[in-house]
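Report on the following structure.
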Amino acid sequence: MNLRNPMIAIAALAVVAAPAAYAHRAWLLPSSTIVSGTDNYVTVDAAASNEVFFFDHRPLVQIPTVFQPDGTEGKIENHAVGKFRATFDLHLTQQGTYRLSILNEGVVGSYKLNGETKQLPRGTTAATLAAAIPAGATDVTTSESIGRNETFITQGAPTNTVFKTSGRGIELVPVTHPNDLIVGEPATFQFMTDGKPGANLKVTAIQGGIRYRDALNPIDLKTDAQGKVVINWPGPGMYWLNVTPEGAPAAPGQPQRRLAYITTLEVLAP
Amino acid sequence: MQFRITGLTAAALGGAAFTPAANAQTLDLSVAIPKLTVAEYHRPYVAIWLEKEGVTPRTIAVWYDFDLKGSEGEGTKWLRDVRQWWRASGRSIAFPADGITGATRAPGTHKLNFTGGRGSMPNLTPGAYRLIVEAAREAGGREAVTLSFNWDGKTAVSASGKGAHELGAVSMTLKR
(Lines give C-alpha, C1' and ligand atoms only; values in the text may rest on other atoms or scores of the structure.)
Protein backbone atom coordinates (compact mmCIF):
# COMPACT_ATOMS: atom_id res chain seq x y z
CA MET A 1 0.00 0.00 0.00
CA ASN A 2 1.37 3.37 -0.95
CA LEU A 3 1.03 5.71 1.99
CA ARG A 4 3.01 8.66 0.66
CA ASN A 5 -0.11 10.38 -0.52
CA PRO A 6 -2.05 11.23 2.60
CA MET A 7 -5.39 11.22 0.78
CA ILE A 8 -4.82 7.66 -0.40
CA ALA A 9 -3.73 6.68 3.09
CA ILE A 10 -6.90 8.08 4.57
CA ALA A 11 -9.08 6.43 1.99
CA ALA A 12 -7.34 3.13 2.61
CA LEU A 13 -7.75 3.41 6.35
CA ALA A 14 -11.38 4.27 5.97
CA VAL A 15 -11.95 1.09 3.97
CA VAL A 16 -10.31 -0.97 6.66
CA ALA A 17 -12.10 0.82 9.46
CA ALA A 18 -15.61 0.76 8.08
CA PRO A 19 -16.06 -2.00 5.55
CA ALA A 20 -19.84 -1.84 5.84
CA ALA A 21 -19.89 1.61 4.36
CA TYR A 22 -18.51 0.25 1.10
CA ALA A 23 -19.84 -2.07 -1.49
CA HIS A 24 -17.87 -5.10 -0.45
CA ARG A 25 -19.31 -7.13 2.35
CA ALA A 26 -16.95 -8.39 4.99
CA TRP A 27 -17.62 -11.74 6.53
CA LEU A 28 -16.39 -14.57 8.70
CA LEU A 29 -17.53 -18.03 7.69
CA PRO A 30 -17.04 -20.85 10.20
CA SER A 31 -16.93 -24.46 9.02
CA SER A 32 -19.43 -25.32 11.76
CA THR A 33 -21.42 -23.22 14.20
CA ILE A 34 -22.94 -26.08 16.18
CA VAL A 35 -20.52 -28.69 17.44
CA SER A 36 -20.88 -31.82 19.55
CA GLY A 37 -18.19 -33.40 21.67
CA THR A 38 -15.55 -31.96 23.95
CA ASP A 39 -12.52 -31.33 21.79
CA ASN A 40 -13.06 -30.02 18.27
CA TYR A 41 -11.63 -27.67 15.72
CA VAL A 42 -13.54 -25.35 13.47
CA THR A 43 -11.88 -23.46 10.67
CA VAL A 44 -12.97 -20.02 9.54
CA ASP A 45 -12.69 -18.15 6.25
CA ALA A 46 -12.45 -14.37 6.49
CA ALA A 47 -12.93 -12.19 3.44
CA ALA A 48 -14.64 -9.22 1.87
CA SER A 49 -16.56 -9.76 -1.34
CA ASN A 50 -19.71 -8.79 -3.16
CA GLU A 51 -21.27 -12.23 -3.07
CA VAL A 52 -21.24 -13.14 0.58
CA PHE A 53 -19.39 -16.32 1.46
CA PHE A 54 -17.76 -16.56 -1.97
CA PHE A 55 -14.19 -15.36 -1.63
CA ASP A 56 -13.21 -13.52 -4.77
CA HIS A 57 -12.01 -10.09 -3.71
CA ARG A 58 -9.93 -9.43 -0.59
CA PRO A 59 -8.95 -11.29 2.56
CA LEU A 60 -9.84 -9.90 5.97
CA VAL A 61 -6.39 -9.75 7.45
CA GLN A 62 -7.24 -8.76 11.02
CA ILE A 63 -6.79 -11.41 13.67
CA PRO A 64 -10.02 -11.77 15.61
CA THR A 65 -10.38 -11.80 19.34
CA VAL A 66 -11.70 -15.08 20.75
CA PHE A 67 -14.15 -14.80 23.61
CA GLN A 68 -14.47 -18.20 25.32
CA PRO A 69 -17.39 -19.60 27.31
CA ASP A 70 -15.50 -19.35 30.62
CA GLY A 71 -14.92 -15.63 30.12
CA THR A 72 -11.26 -15.87 29.22
CA GLU A 73 -9.73 -14.85 25.92
CA GLY A 74 -8.72 -17.65 23.59
CA LYS A 75 -6.36 -17.81 20.66
CA ILE A 76 -6.81 -18.64 17.05
CA GLU A 77 -4.38 -20.99 15.36
CA ASN A 78 -2.91 -21.32 11.88
CA HIS A 79 -3.79 -17.84 10.69
CA ALA A 80 -2.95 -17.53 7.03
CA VAL A 81 -3.70 -14.77 4.57
CA GLY A 82 -4.23 -15.70 0.97
CA LYS A 83 -5.01 -13.66 -2.09
CA PHE A 84 -8.78 -13.77 -1.62
CA ARG A 85 -9.30 -14.94 1.91
CA ALA A 86 -7.69 -15.40 5.28
CA THR A 87 -8.23 -18.62 7.19
CA PHE A 88 -7.66 -19.63 10.76
CA ASP A 89 -8.59 -22.43 13.14
CA LEU A 90 -10.26 -22.32 16.50
CA HIS A 91 -9.68 -25.10 18.99
CA LEU A 92 -12.80 -25.73 21.06
CA THR A 93 -12.01 -27.23 24.44
CA GLN A 94 -14.80 -25.74 26.53
CA GLN A 95 -18.52 -26.40 26.52
CA GLY A 96 -20.63 -23.44 25.48
CA THR A 97 -20.62 -20.51 23.11
CA TYR A 98 -17.53 -18.87 21.63
CA ARG A 99 -17.53 -15.44 20.03
CA LEU A 100 -15.05 -14.46 17.33
CA SER A 101 -14.83 -10.71 16.94
CA ILE A 102 -12.89 -8.39 14.70
CA LEU A 103 -13.07 -4.85 16.02
CA ASN A 104 -12.07 -2.07 13.67
CA GLU A 105 -11.89 1.31 15.25
CA GLY A 106 -10.17 4.49 14.42
CA VAL A 107 -10.40 8.19 13.88
CA VAL A 108 -9.44 9.94 10.69
CA GLY A 109 -9.44 13.68 10.27
CA SER A 110 -7.47 16.83 9.79
CA TYR A 111 -6.70 20.13 11.42
CA LYS A 112 -5.03 23.41 10.51
CA LEU A 113 -1.93 24.56 12.28
CA ASN A 114 -0.09 27.74 11.26
CA GLY A 115 -2.08 27.87 8.04
CA GLU A 116 -1.13 24.33 7.05
CA THR A 117 -3.60 21.43 6.85
CA LYS A 118 -2.39 18.34 8.65
CA GLN A 119 -3.90 14.87 8.71
CA LEU A 120 -4.34 12.96 11.93
CA PRO A 121 -1.69 10.25 12.18
CA ARG A 122 -2.63 6.76 11.12
CA GLY A 123 -3.78 4.61 13.98
CA THR A 124 -5.45 7.43 15.89
CA THR A 125 -8.28 6.19 18.07
CA ALA A 126 -10.90 7.96 20.16
CA ALA A 127 -8.64 7.42 23.16
CA THR A 128 -5.59 9.02 21.56
CA LEU A 129 -7.42 11.74 19.66
CA ALA A 130 -6.88 14.51 22.20
CA ALA A 131 -3.14 13.89 22.25
CA ALA A 132 -3.01 13.78 18.44
CA ILE A 133 -4.29 17.33 18.01
CA PRO A 134 -1.66 19.88 18.95
CA ALA A 135 -2.45 23.01 20.91
CA GLY A 136 -3.44 25.88 18.66
CA ALA A 137 -4.93 23.66 15.96
CA THR A 138 -8.03 25.00 14.22
CA ASP A 139 -10.58 23.66 11.73
CA VAL A 140 -10.49 20.23 13.32
CA THR A 141 -12.57 17.66 11.48
CA THR A 142 -12.79 14.09 12.69
CA SER A 143 -14.58 10.97 11.71
CA GLU A 144 -14.62 8.08 14.14
CA SER A 145 -15.53 4.58 13.10
CA ILE A 146 -16.26 1.50 15.16
CA GLY A 147 -17.00 -1.62 13.17
CA ARG A 148 -17.46 -5.14 14.46
CA ASN A 149 -17.47 -8.35 12.50
CA GLU A 150 -18.42 -11.40 14.50
CA THR A 151 -19.56 -14.95 14.44
CA PHE A 152 -20.57 -17.47 17.08
CA ILE A 153 -19.76 -21.13 17.57
CA THR A 154 -21.24 -23.40 20.22
CA GLN A 155 -19.82 -26.68 21.46
CA GLY A 156 -22.51 -28.49 23.45
CA ALA A 157 -25.34 -26.40 24.82
CA PRO A 158 -25.43 -22.65 24.09
CA THR A 159 -24.27 -20.27 26.83
CA ASN A 160 -24.46 -16.50 27.20
CA THR A 161 -21.22 -15.42 28.85
CA VAL A 162 -19.69 -14.05 25.65
CA PHE A 163 -22.44 -11.50 25.09
CA LYS A 164 -21.24 -9.10 27.76
CA THR A 165 -21.23 -5.74 26.01
CA SER A 166 -18.34 -3.30 26.06
CA GLY A 167 -20.52 -0.22 25.68
CA ARG A 168 -18.80 0.93 22.51
CA GLY A 169 -20.22 0.83 19.03
CA ILE A 170 -22.96 -1.57 18.01
CA GLU A 171 -23.18 -4.89 19.82
CA LEU A 172 -25.49 -7.89 19.71
CA VAL A 173 -27.40 -9.10 22.72
CA PRO A 174 -29.30 -12.31 22.11
CA VAL A 175 -32.93 -12.78 22.86
CA THR A 176 -32.79 -15.79 20.58
CA HIS A 177 -29.35 -17.38 20.85
CA PRO A 178 -27.41 -16.97 17.56
CA ASN A 179 -26.53 -20.67 17.60
CA ASP A 180 -30.14 -21.75 18.05
CA LEU A 181 -31.74 -20.55 14.82
CA ILE A 182 -34.32 -22.65 13.04
CA VAL A 183 -36.51 -21.98 10.01
CA GLY A 184 -40.08 -21.46 11.21
CA GLU A 185 -39.02 -19.93 14.52
CA PRO A 186 -38.71 -16.14 14.37
CA ALA A 187 -35.41 -14.99 15.88
CA THR A 188 -35.19 -11.89 18.05
CA PHE A 189 -31.95 -9.98 18.56
CA GLN A 190 -31.29 -6.83 20.47
CA PHE A 191 -28.66 -4.39 19.29
CA MET A 192 -27.00 -1.93 21.61
CA THR A 193 -25.44 1.33 20.50
CA ASP A 194 -22.74 2.43 22.93
CA GLY A 195 -24.29 0.21 25.57
CA LYS A 196 -27.83 1.52 25.20
CA PRO A 197 -30.68 -0.02 23.19
CA GLY A 198 -30.05 0.95 19.57
CA ALA A 199 -33.38 2.19 18.25
CA ASN A 200 -33.99 2.61 14.53
CA LEU A 201 -30.93 0.73 13.39
CA LYS A 202 -31.01 -0.60 9.86
CA VAL A 203 -30.73 -4.37 9.86
CA THR A 204 -30.14 -6.26 6.63
CA ALA A 205 -29.96 -10.02 6.40
CA ILE A 206 -28.73 -11.65 3.20
CA GLN A 207 -28.70 -15.38 2.69
CA GLY A 208 -25.57 -16.93 1.25
CA GLY A 209 -25.55 -18.52 -2.19
CA ILE A 210 -26.13 -15.24 -4.04
CA ARG A 211 -24.30 -16.58 -7.07
CA TYR A 212 -27.01 -19.12 -7.70
CA ARG A 213 -30.00 -16.85 -7.69
CA ASP A 214 -31.03 -13.80 -9.69
CA ALA A 215 -32.28 -11.58 -6.88
CA LEU A 216 -30.34 -10.53 -3.81
CA ASN A 217 -33.49 -10.89 -1.67
CA PRO A 218 -32.24 -8.86 1.27
CA ILE A 219 -34.39 -8.87 4.39
CA ASP A 220 -34.48 -5.19 5.39
CA LEU A 221 -35.62 -4.43 8.90
CA LYS A 222 -35.35 -1.77 11.54
CA THR A 223 -34.83 -2.11 15.26
CA ASP A 224 -37.62 -0.95 17.55
CA ALA A 225 -37.27 1.42 20.51
CA GLN A 226 -35.63 -1.34 22.55
CA GLY A 227 -33.13 -2.01 19.77
CA LYS A 228 -34.86 -5.28 18.99
CA VAL A 229 -35.53 -6.84 15.65
CA VAL A 230 -37.41 -10.02 14.72
CA ILE A 231 -36.18 -12.01 11.74
CA ASN A 232 -38.18 -14.69 9.94
CA TRP A 233 -35.75 -16.92 8.08
CA PRO A 234 -36.97 -17.82 4.60
CA GLY A 235 -34.83 -20.95 4.46
CA PRO A 236 -31.92 -22.75 6.09
CA GLY A 237 -28.38 -21.65 5.39
CA MET A 238 -25.73 -19.14 6.32
CA TYR A 239 -26.86 -15.53 6.64
CA TRP A 240 -24.88 -12.32 6.57
CA LEU A 241 -26.34 -9.74 8.91
CA ASN A 242 -25.40 -6.08 8.68
CA VAL A 243 -26.45 -3.43 11.18
CA THR A 244 -25.87 0.27 10.69
CA PRO A 245 -27.40 3.44 12.10
CA GLU A 246 -30.18 5.03 10.11
CA GLY A 247 -30.10 8.62 9.03
CA ALA A 248 -27.85 11.29 7.62
CA PRO A 249 -24.30 11.83 8.81
CA ALA A 250 -23.53 14.74 11.06
CA ALA A 251 -23.38 18.19 9.48
CA PRO A 252 -20.11 19.18 7.79
CA GLY A 253 -17.63 20.42 10.32
CA GLN A 254 -19.23 18.38 13.09
CA PRO A 255 -17.49 15.24 14.32
CA GLN A 256 -18.63 12.29 12.26
CA ARG A 257 -19.21 8.85 13.69
CA ARG A 258 -19.69 5.69 11.71
CA LEU A 259 -20.82 2.51 13.39
CA ALA A 260 -21.32 -0.90 11.87
CA TYR A 261 -21.98 -4.41 13.05
CA ILE A 262 -21.73 -7.55 10.97
CA THR A 263 -22.35 -11.12 11.93
CA THR A 264 -22.63 -14.46 10.17
CA LEU A 265 -25.47 -16.65 11.39
CA GLU A 266 -26.34 -20.22 10.57
CA VAL A 267 -30.00 -21.16 10.33
CA LEU A 268 -30.92 -24.84 10.36
CA ALA A 269 -33.87 -26.63 8.86
CA PRO A 270 -36.49 -27.67 11.42
CA MET B 1 -24.54 -51.31 32.53
CA GLN B 2 -24.44 -48.51 35.03
CA PHE B 3 -27.04 -45.81 34.96
CA ARG B 4 -25.82 -42.31 35.45
CA ILE B 5 -28.16 -39.37 35.72
CA THR B 6 -26.97 -36.92 33.10
CA GLY B 7 -28.47 -33.66 34.12
CA LEU B 8 -32.01 -34.91 33.69
CA THR B 9 -33.79 -36.59 36.51
CA ALA B 10 -36.36 -39.30 36.25
CA ALA B 11 -38.91 -36.76 37.39
CA ALA B 12 -38.31 -34.57 34.35
CA LEU B 13 -40.82 -36.48 32.29
CA GLY B 14 -42.48 -38.95 34.57
CA GLY B 15 -43.79 -39.20 38.07
CA ALA B 16 -42.39 -41.26 40.92
CA ALA B 17 -39.03 -42.77 40.15
CA PHE B 18 -39.92 -46.12 41.60
CA THR B 19 -42.78 -48.37 40.62
CA PRO B 20 -43.32 -51.98 41.72
CA ALA B 21 -42.15 -54.24 38.92
CA ALA B 22 -45.46 -56.08 38.59
CA ASN B 23 -47.18 -52.85 37.80
CA ALA B 24 -44.39 -51.33 35.70
CA GLN B 25 -44.92 -49.38 32.53
CA THR B 26 -43.37 -51.07 29.56
CA LEU B 27 -42.57 -49.52 26.23
CA ASP B 28 -42.07 -51.88 23.34
CA LEU B 29 -40.52 -50.21 20.37
CA SER B 30 -39.72 -51.45 16.91
CA VAL B 31 -37.38 -49.48 14.67
CA ALA B 32 -36.55 -50.58 11.14
CA ILE B 33 -33.36 -49.40 9.53
CA PRO B 34 -33.64 -49.87 5.76
CA LYS B 35 -31.02 -51.61 3.72
CA LEU B 36 -29.71 -49.05 1.26
CA THR B 37 -27.84 -49.73 -1.90
CA VAL B 38 -25.35 -46.89 -1.93
CA ALA B 39 -21.71 -46.68 -2.85
CA GLU B 40 -20.66 -45.68 0.66
CA TYR B 41 -22.80 -47.02 3.47
CA HIS B 42 -22.36 -46.28 7.14
CA ARG B 43 -24.81 -47.32 9.80
CA PRO B 44 -26.86 -44.36 10.89
CA TYR B 45 -26.62 -42.56 14.18
CA VAL B 46 -30.05 -42.93 15.78
CA ALA B 47 -31.57 -41.04 18.68
CA ILE B 48 -34.86 -41.90 20.36
CA TRP B 49 -36.48 -39.48 22.74
CA LEU B 50 -39.73 -38.51 24.41
CA GLU B 51 -41.30 -35.08 24.39
CA LYS B 52 -44.19 -33.74 26.41
CA GLU B 53 -45.41 -30.18 26.44
CA GLY B 54 -43.79 -28.15 29.18
CA VAL B 55 -41.17 -30.63 30.34
CA THR B 56 -37.58 -31.31 29.39
CA PRO B 57 -37.35 -33.81 26.52
CA ARG B 58 -35.88 -37.12 27.60
CA THR B 59 -33.47 -39.19 25.54
CA ILE B 60 -34.07 -42.90 25.99
CA ALA B 61 -31.52 -44.20 23.50
CA VAL B 62 -28.77 -42.98 21.22
CA TRP B 63 -26.81 -45.23 18.92
CA TYR B 64 -23.49 -43.90 17.73
CA ASP B 65 -19.84 -44.82 17.35
CA PHE B 66 -19.13 -44.27 21.02
CA ASP B 67 -16.01 -46.43 20.91
CA LEU B 68 -14.47 -44.62 17.97
CA LYS B 69 -11.07 -43.17 18.76
CA GLY B 70 -8.93 -40.54 17.17
CA SER B 71 -9.52 -37.40 15.22
CA GLU B 72 -13.28 -37.79 15.07
CA GLY B 73 -13.68 -36.87 18.70
CA GLU B 74 -14.43 -40.37 19.93
CA GLY B 75 -17.69 -40.59 18.08
CA THR B 76 -19.35 -37.54 19.57
CA LYS B 77 -18.31 -35.20 16.77
CA TRP B 78 -21.19 -36.16 14.51
CA LEU B 79 -23.92 -36.35 17.14
CA ARG B 80 -24.95 -32.84 16.16
CA ASP B 81 -25.95 -34.19 12.75
CA VAL B 82 -28.88 -35.86 14.47
CA ARG B 83 -29.87 -32.28 14.54
CA GLN B 84 -33.44 -32.23 15.81
CA TRP B 85 -32.46 -34.45 18.74
CA TRP B 86 -29.24 -32.54 19.33
CA ARG B 87 -31.22 -29.37 19.86
CA ALA B 88 -34.05 -30.96 21.84
CA SER B 89 -31.96 -33.04 24.20
CA GLY B 90 -28.52 -34.16 23.02
CA ARG B 91 -26.66 -30.94 23.58
CA SER B 92 -27.51 -30.91 27.26
CA ILE B 93 -26.22 -34.46 27.85
CA ALA B 94 -22.66 -35.20 28.94
CA PHE B 95 -21.14 -37.97 26.83
CA PRO B 96 -20.44 -40.83 27.18
CA ALA B 97 -23.89 -41.14 28.71
CA ASP B 98 -24.47 -44.42 30.47
CA GLY B 99 -27.92 -45.92 30.20
CA ILE B 100 -28.78 -44.40 26.84
CA THR B 101 -25.71 -45.12 24.75
CA GLY B 102 -25.57 -47.99 22.33
CA ALA B 103 -23.58 -48.99 19.28
CA THR B 104 -24.87 -48.25 15.80
CA ARG B 105 -27.10 -50.97 14.39
CA ALA B 106 -27.20 -52.75 11.07
CA PRO B 107 -30.14 -52.59 8.66
CA GLY B 108 -33.06 -54.67 9.88
CA THR B 109 -35.85 -54.41 12.42
CA HIS B 110 -34.76 -53.76 15.96
CA LYS B 111 -37.01 -54.56 18.92
CA LEU B 112 -36.43 -52.52 22.03
CA ASN B 113 -38.03 -52.83 25.44
CA PHE B 114 -37.99 -50.20 28.11
CA THR B 115 -39.38 -50.37 31.62
CA GLY B 116 -40.63 -47.23 33.28
CA GLY B 117 -38.37 -46.03 36.07
CA ARG B 118 -35.46 -48.20 34.96
CA GLY B 119 -32.42 -47.09 33.03
CA SER B 120 -33.18 -44.27 30.66
CA MET B 121 -36.95 -44.75 30.69
CA PRO B 122 -38.94 -42.54 33.03
CA ASN B 123 -42.33 -43.43 34.41
CA LEU B 124 -44.73 -41.49 32.26
CA THR B 125 -47.40 -39.39 33.91
CA PRO B 126 -50.67 -39.14 31.97
CA GLY B 127 -50.62 -36.73 29.06
CA ALA B 128 -49.91 -36.19 25.38
CA TYR B 129 -46.50 -37.42 24.27
CA ARG B 130 -44.38 -37.60 21.21
CA LEU B 131 -41.85 -40.33 20.74
CA ILE B 132 -39.35 -39.33 18.09
CA VAL B 133 -36.86 -41.54 16.29
CA GLU B 134 -34.27 -39.67 14.26
CA ALA B 135 -31.57 -41.17 12.08
CA ALA B 136 -28.61 -39.44 10.43
CA ARG B 137 -26.20 -41.28 8.23
CA GLU B 138 -22.63 -40.33 7.40
CA ALA B 139 -22.44 -39.35 3.73
CA GLY B 140 -26.19 -39.89 3.61
CA GLY B 141 -29.45 -38.34 4.71
CA ARG B 142 -31.37 -37.59 7.88
CA GLU B 143 -34.91 -38.37 8.83
CA ALA B 144 -37.14 -38.24 11.88
CA VAL B 145 -40.32 -40.22 12.51
CA THR B 146 -42.66 -38.88 15.18
CA LEU B 147 -45.19 -41.07 16.97
CA SER B 148 -47.82 -39.17 18.93
CA PHE B 149 -49.76 -40.86 21.71
CA ASN B 150 -51.91 -40.09 24.71
CA TRP B 151 -51.17 -41.96 27.89
CA ASP B 152 -53.85 -42.15 30.57
CA GLY B 153 -51.66 -44.10 32.94
CA LYS B 154 -53.27 -47.51 32.46
CA THR B 155 -54.76 -48.18 29.01
CA ALA B 156 -52.34 -49.70 26.55
CA VAL B 157 -51.62 -47.40 23.64
CA SER B 158 -49.96 -48.04 20.31
CA ALA B 159 -48.69 -45.80 17.55
CA SER B 160 -46.83 -46.33 14.33
CA GLY B 161 -45.19 -44.41 11.55
CA LYS B 162 -42.87 -44.89 8.65
CA GLY B 163 -39.83 -43.20 7.29
CA ALA B 164 -39.22 -42.62 3.61
CA HIS B 165 -35.48 -43.03 3.22
CA GLU B 166 -33.39 -43.28 6.40
CA LEU B 167 -35.92 -45.11 8.54
CA GLY B 168 -38.43 -47.86 7.83
CA ALA B 169 -41.46 -48.73 9.95
CA VAL B 170 -41.43 -47.45 13.50
CA SER B 171 -44.02 -48.63 16.00
CA MET B 172 -44.54 -48.59 19.73
CA THR B 173 -46.80 -49.97 22.41
CA LEU B 174 -46.93 -48.54 25.90
CA LYS B 175 -48.73 -50.54 28.58
CA ARG B 176 -48.62 -51.46 32.20
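Naming: A, B, ... by sequence-line order, numbering from 1 per chain.
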Subject >> Top of A:G156, A:S36, A:A269 for chain B proximity - count of heavy-atom pairs under 4.5 angstrom >> reply: A:S36

**OP:** Apply side-chain hydrogen bond (donor to acceptor under 3.5 Å, both in side chains) to B:R130 and list each qualifying residue two or more places apart in sequence or on a separate chain.
**Re:** B:E51

Original post:
How many angstroms lie between CD1 in A:I34 and CZ in B:R91, if you round to the nearest 0.5 Å?
Top reply: 7.0 Å

**OP:** For chain B, find its close neighbours in residues 160-192 of chain A: heavy-atom separation under 4.5 Å, sorted by number, or none.
**Re:** A:N179, A:D180, A:I182, A:E185

Original post:
Between B:R142, B:R87, B:R83, which is the residue that forms a salt bridge (charged side-chain N to carboxylate O under 4.0 Å, His left out) with B:E134?
Top reply: B:R142

Subject >> Test side-chain hydrogen bond (donor to acceptor under 3.5 Å, both in side chains) applied to A:Q68 - qualifying residues, sequence neighbours left out >> reply: A:T72

Subject >> Distance (rounded to the nearest 0.5 Å) between A:R25 CZ and A:S49 OG >> reply: 8.5 Å

**OP:** Using ring pair (Phe, Tyr, Trp, His ring centres under 6.0 Å) as the criterion, list what pairs up with B:W151, not counting sequence neighbours.
**Re:** none

